[in-house]
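I have placed the structure first, in the form of structure tokens, so that the comments after it can refer back to it.
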Amino acid sequence: SAKKSGRNAIRFFDLDMQAAVENRSSLEESMKQALPQQQFVLFYQAQVDNAGVIVGAEVLLRWQRPTHGMTLPEAFIPVAEETGLIVAIGLWVLESVCHQLKVWEHEPGKELLHVAVNVSARQFQQTNFVEQIIDVLEATEVNPARITLELTESMVLANIPEAISKMQVLKQKGIKFAMDDFGTGHSSLSSLQKLPLDQLKIDQSFIHDIAENHDGVVIVQTIIAMANKLGMEVIAEGVETKAQKDFLIQQHCLNFQGYLFGKPMPVNEFEQALEYWATPSDESLPV
Ligand code: C2E
Ligand code: MG
Ligand code: MG
Ligand code: MG
């Protein structure tokens with residue numbers, strides 16, 4: 001009856017409201033358990049050069065949440081940032097990556113792989129950020145030159161002199177730096193010139209656009225020209241089609257990451273992909 005469904009509708013509405021409120025605090029509570037209960041997982045997404053060689057991977061965090069399944073960063077990183085949990089999570093990510101690099105050191109074809117690790121604003125702002133990173137590197141005895149830390153424009157622009165001094169200490173150890181999602185922020189050419197960056201990552205929104213409209217093309221060309229002038233490497237993220245890749249090669253962008261080459265995957269699958277592409281055959285990466 002109408003009366004019955006009406007009452008049910010109200011009850012569902014109340015339950016939804018309650019669920020939304022519980023979600024935020026239960027998300028926080030369950031996130032606190034995630035590290036001790038080893039629920040975080042690292043996925044690896046291939047980074048490829050123009051010869052089709054997998055030169056490394058970006059490490060992307062996943063949360064195997066018991067009640068929700070595999071959870072993407074967008075669903076939990078903002079709350080991890082707000083609560084500060086991201087600091088411990090970020091250290092765990094770096095430690096895990098370093099242990100993986102140590103394992104790969106003894107495996108033919110994997111000993112030269114590079115990994116790119118995302119750094120959050122909250123992590124980078126820590127006064128002991130540099131010491132935290134160095135401690136992990138020294139404890140794990142990994143060659144720092146195999147690690148690229150990915151920063152974003154806003155976290156660097158918030159305090160350029162401080163960012164430069166933190167980056168310089170780590171650069172002296174051999175760590176590399178990339179500017180992630182480049183083009184979406186407000187970096188000026190002069191601030192970019194001051195930063196000891198090794199790589200610009202063209203944001204995937206522009207890569208998506210190059211197949212569609214001219215604006216995307218001009219932005220991508222400008223970023224590549226800037227990177228070349230500043231002596232930085234350039235990598236395109238979110239490359240999904242051969243047309244996009246062909247255009248980028250034409251423009252002298254020679255490093256790629258995107259679904260065309262491989263999705264982010266668990267480490268065992270990434271290793272299989274490496275072995276598959278390293279096996280001589282007529283097949284090669286779609287380059
Ligand atoms: P990001 O660093 O810009 O990572 C690239 C994102 O684009 C990843 O999303 C990746 O799965 C996705 N992607 C890669 N190739 C393609 C493609 O061809 N097409 C499309 N449509 N998407 C593609 P994901 O894994 O969901 O990560 C989202 C963001 O979460 C990352 O953006 C990064 O900002 C953050 N994140 C991931 N892992 C970590 C971490 O360990 N620490 C911190 N602080 N942030 C992380
Ligand atoms: Mg990134
Ligand atoms: Mg990015
Ligand atoms: Mg991003």
Side-chain angles (χ1 to χ4, degrees), residues 31 34-35 39-48 54 56-64 70-98 100 114-126 129 132-133 136 147-156 176-185 187 197-212 220 223 234-245 248 255-267 269-270 273 285-286:
M31 211 185 302
L35 265 184
Q39 292 165 3
F40 288 117
V41 183
L42 297 181
F43 275 33
Y44 290 74
Q45 186 180 29
Q47 296 186 329
V48 173
I54 297 176
E58 178 173 7
V59 175
L60 295 157
L61 186 61
R62 300 290 181 263
W63 178 13
Q64 183 64 66
M70 200 60 90
T71 307
L72 290 170
E74 62 189 13
F76 67 90
I77 295 237
V79 175
E81 280 259 354
E82 281 171 42
T83 56
L85 276 169
I86 193 69
V87 175
I89 296 171
L91 277 175
W92 175 85
V93 170
L94 187 66
E95 274 164 14
S96 307
V97 163
C98 286
Q100 187 59 61
H114 282 79
V115 289
V117 178
N118 291 285
V119 174
S120 86
R122 184 88 178 242
Q123 249 185 305
F124 192 61
Q125 279 161 13
Q126 301 289 299
F129 172 75
Q132 287 180 338
I133 303 285
V136 174
I147 298 173
T148 299
L149 297 181
E150 295 194 357
L151 310 177
T152 58
E153 291 172 87
S154 57
M155 71 171 82
V156 170
K176 296 190 172 67
F177 284 95
M179 188 67 98
D180 202 358
D181 306 338
F182 187 69
T184 59
S187 309
L197 287 165
D198 298 279
Q199 188 183 61
L200 296 183
K201 293 192 85 170
I202 309 175
D203 188 66
Q204 58 187 61
S205 59
F206 305 119
I207 305 304
H208 186 257
D209 281 355
I210 54 181
E212 327 254 300
V220 167
I223 294 175
V234 64
I235 180 167
E237 58 180 348
V239 181
E240 293 183 355
T241 68
K242 190 172 177 303
Q244 291 167 346
K245 184 216 61 184
L248 288 160
N255 294 281
F256 317 98
Q257 184 182 334
Y259 295 165
L260 181 63
F261 309 97
K263 296 204 166 183
M265 50 187 100
V267 70
E269 285 176 34
F270 177 70
L285 276 176

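For ligands, and for the atoms within them, numbers begin at 1 and follow the listed sequence.
Those atoms of ligand 1 that come under 4.0 Å of a heavy atom in Ile77, given as number and element, are 43 (C), 45 (N), 46 (C). Counting atoms of ligand 1 from 1 in the listed order, those under 4.0 Å from a heavy atom of Gly258 are 15 (N), 18 (O). Residue Glu240 approaches ligand 1 through these ligand atoms, each under 4.0 Å from one of its heavy atoms: 17 (C), 18 (O), 19 (N), 20 (C), 21 (N). Taking every non-hydrogen atom of Val239 and a distance limit under 4.0 Å, the qualifying atoms of ligand 1 come out as 18 (O). Of all atoms in ligand 1, listed by their number and element, those nearer than 4.0 Å to a heavy atom of Glu237 are 3 (O), 5 (C). Taking every heavy atom of Val93 and a limit of under 4.0 angstrom, the matching atoms of ligand 1 come to 41 (O).
Because the distance cut-off is set at 2.8 Å, Asp181 fails to qualify as a neighbour of the Mg ion (ligand 2), as none of its N, O or S atoms comes that close. The Mg ion (ligand 2) does not have Glu237 among its coordinating residues (no N/O/S atom, backbone or side chain, under 2.8 Å).
Donor-acceptor pairing under 3.5 Å is recorded for the side chains of Gln47 and Gln257. At a cut-off of 3.5 Å, with distance as the only test, no side-chain donor of Asp181 or Gln204 sits close to an acceptor on the other residue.
Between Ala121 and Met155 the shortest heavy-atom distance is N-CE, 3.6 Å. Annotation for Glu82 and Arg122: closest pair O-NH1, 3.2 Å, computed over non-hydrogen atoms. Residues Thr152 and Met179 come closest through the heavy atom pair C-SD, 3.5 Å.
For Glu58, every heavy-atom contact with ligand 1 shorter than 4.0 Å involves the side chain, none the backbone.
The aromatic rings of Phe129 and Phe124 stand perpendicular to each other, their planes meeting at an angle above 60°, with 30° marking the opposite boundary.
Using a 4.0 Å cutoff on heavy atoms, Pro264 counts as a contact of ligand 1.
Crowding of His114 atom NE2: a count of heavy atoms from other residues, nucleotides or ligands under 6.0 Å exceeding 12.
Under the 3.5 Å distance criterion, the side-chain polar atoms of Gln199 are left unmatched by any main-chain donor or acceptor of Ala178. Side-chain atoms of Gln123 come within 3.5 Å of backbone atoms of Ser120 as a donor-acceptor pair (strictly under, hydrogens ignored).
The N, O or S atom of Glu150 lying closest to the Mg ion (ligand 2) is OE1. Taking the N/O/S atoms of Glu58 in turn, the shortest distance to the Mg ion (ligand 2) belongs to OE2.
Ligand 1 has no nitrogen or oxygen under 3.5 angstrom from a nitrogen or oxygen of Leu60. Looking at ligand 1, you'll find an N or O of Tyr259 within less than 3.5 Å of one of its N or O atoms.
The option with the heavy atom closest to atom 44 (N) of ligand 1, from among Ala178, Ser120, Pro73, is Ser120. Comparing heavy-atom distances from atom 15 (N) of ligand 1 across Arg62, Gln45, Gln244, Gln257 singles out Gln45 as nearest. Closest heavy-atom approach to atom 42 (N) of ligand 1 among the candidates Ile86, Asn118, Asp181: Asn118.
At the Mg ion (ligand 2), the vertex angle linking OD1 of Asn118 with OD2 of Asp180 is 90° (nearest 10 degrees).
With contacts defined as side-chain heavy-atom distances shorter than 4.5 Å, the pair Ile147/Lys176 does not qualify. Looking only at side-chain heavy atoms (C-beta outward), Ile86 and Ile77 come within less than 4.5 Å of each other.
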